[in-house]
Amino acid sequence: MKTIEAQNLLSMVPVLTDRISSVQKDEGRVTLILPRKSWLERQSVKWLKQPEDIRIHLDDLGSAVVSRCRGHLSVAQIADELHLQFGEKAEPLLPRLAKFLEVLEANALLAWQPSAADQNEKSAVNV
């Protein structure tokens, strides 16, 4: 039986996956570009004349979150920066941030890196 360790979302470090081919910034807003690479997607592009990539246009808050998902900041640090930048406009901040990150992860656009604190705990246990 596999044991799942409980982790605190606020200490986790999000990073965008390589599924996103590029990120375009236009007036502070971000557009994620996802190439359509699977066999079925390539066929739909070729025969059904669908676009070669999927473009996801984010609002100001989503753009701010995605631009901080580079593997350097924890979710708590991202939340603090968003609170400073948007103030009351971002409220309820933590539930919105958690749901947005959940949607990114569910669509394979986001992965998690261990935080520096988690790595220090594991190295201390292994000593």
Side-chain angles (χ1 to χ4, degrees):
M1 179 188 234
K2 186 177 179 181
T3 306
I4 299 174
E5 288 184 39
Q7 293 183 341
N8 183 352
L9 176 66
L10 295 177
S11 67
M12 297 172 72
V13 179
V15 62
L16 296 177
T17 64
D18 58 358
R19 183 167 181 237
I20 300 171
S21 69
S22 64
V23 176
Q24 290 182 343
K25 293 186 179 182
D26 182 35
E27 298 176 12
R29 292 194 175 184
V30 172
T31 299
L32 302 176
I33 302 173
L34 306 158
R36 303 179 88 185
K37 294 182 179 180
S38 75
W39 180 86
L40 183 60
E41 289 174 325
R42 288 193 321 265
Q43 298 308 311
S44 67
V45 167
K46 181 177 180 179
W47 299 105
L48 300 176
K49 307 298 185 211
Q50 293 186 354
E52 291 184 12
D53 51 37
I54 298 169
R55 294 176 182 261
I56 303 170
H57 304 283
L58 301 175
D59 65 359
D60 293 333
L61 188 59
S63 297
V65 172
V66 165
S67 66
R68 289 170 171 84
C69 292
R70 301 286 181 228
H72 305 295
L73 299 173
S74 69
V75 174
Q77 292 168 322
I78 292 171
D80 289 342
E81 289 186 9
L82 292 175
H83 183 70
L84 289 174
Q85 183 177 353
F86 293 99
E88 291 296 317
K89 285 178 25 180
E91 294 301 330
L93 179 59
L94 289 177
R96 288 177 73 184
L97 178 57
K99 189 61 173 178
F100 183 69
L101 294 174
E102 178 184 339
V103 169
L104 289 176
E105 182 181 26
N107 288 288
L109 303 177
L110 184 82
W112 299 99
Q113 290 183 345
S115 68
D118 292 340
Q119 290 178 346
N120 289 341
E121 283 180 21
K122 287 181 182 179
S123 64
V125 170
N126 292 333
V127 174

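We use all heavy atoms of the structure for the numbers below, so side chains are in, but hydrogens, waters and symmetry mates are not. Just so we're clear, the structure is a prediction, and the values are computed from it rather than from any experiment.
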Q) Going by heavy atoms in the side chains, are L58 and V65 under 4.5 Å from each other? A)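 No - every pair of side-chain heavy atoms lies 4.5 Å or more apart.
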
**Q.** Min side-chain heavy-atom separation F86-L93 under 4.5 Å
**A.**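 Side chain of F86 against side chain of L93, heavy atoms only: no contact under 4.5 Å found.
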
Gap between atom [atom2] of [Y] and atom [atom1] of [X] - 0.5 Å precision:
X   : Y   : atom1 : atom2 : answer
L16 : R19 : CG    : CZ    : 12.0 Å
E27 : D60 : CD    : CG    : 10.0 Å
R96 : L61 : CZ    : CG    : 5.0 Å
L32 : I20 : CG    : CD1   : 4.5 Å
T31 : I54 : OG1   : CD1   : 13.5 Å
E88 : H83 : CD    : NE2   : 6.5 Å

Ignoring hydrogens, what is the shortest heavy-atom contact between [X] and [Y]? Give both atom names and the distance.
X   : Y   : answer
G62 : D59 : N-OD1, 2.7 Å
L97 : A79 : CD2-CB, 3.9 Å
L73 : V13 : O-CG1, 3.4 Å
P14 : I78 : CG-CD1, 3.7 Å
P35 : D53 : CA-CB, 3.9 Å
P51 : R36 : O-CD, 3.1 Å

Q) L101 and W112: side chain to side chain contact (heavy atoms under 4.5 Å, CB included), yes or no, with the steps? A) CA-CA 10 Å; L101 294 174; W112 299 99; 4.0 Å; yes

Quick check against the 3.5 Å criterion: does [X] have a side-chain atom that pairs as donor or acceptor with the backbone of [Y]?
X   : Y    : value
T17 : A108 : yes
N8  : L10  : yes
R68 : Q77  : no
S74 : S11  : no
E41 : S38  : yes

(Q) Suppose we screen for side-chain hydrogen bond (donor to acceptor under 3.5 Å, both in side chains). Which residues come up paired with W47, at least two apart in sequence or across chains? (A)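 For W47, the residues satisfying side-chain hydrogen bond (donor to acceptor under 3.5 Å, both in side chains) (neighbours in sequence not counted) are Q43.
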
Q: Could you state whether V30 and I33 fall into the same hydrophobic cluster, counting links through intermediate Ile, Leu, Val, Met, Phe, Trp or Tyr residues with side-chain heavy atoms under 4.5 angstrom apart?
A: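 Different hydrophobic clusters.
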
Q | Single-linkage hydrophobic cluster, 4.5 Å side-chain cutoff, L104 and V15 together | A |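 Hydrophobic grouping puts L104 apart from V15.
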
Q. Considering the options V66, V103, I56, which one meets the side chain to side chain contact (heavy atoms under 4.5 Å, CB included) requirement together with L109?
A.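 Among V66, V103, I56, the one meeting side chain to side chain contact (heavy atoms under 4.5 Å, CB included) with L109 is I56.
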
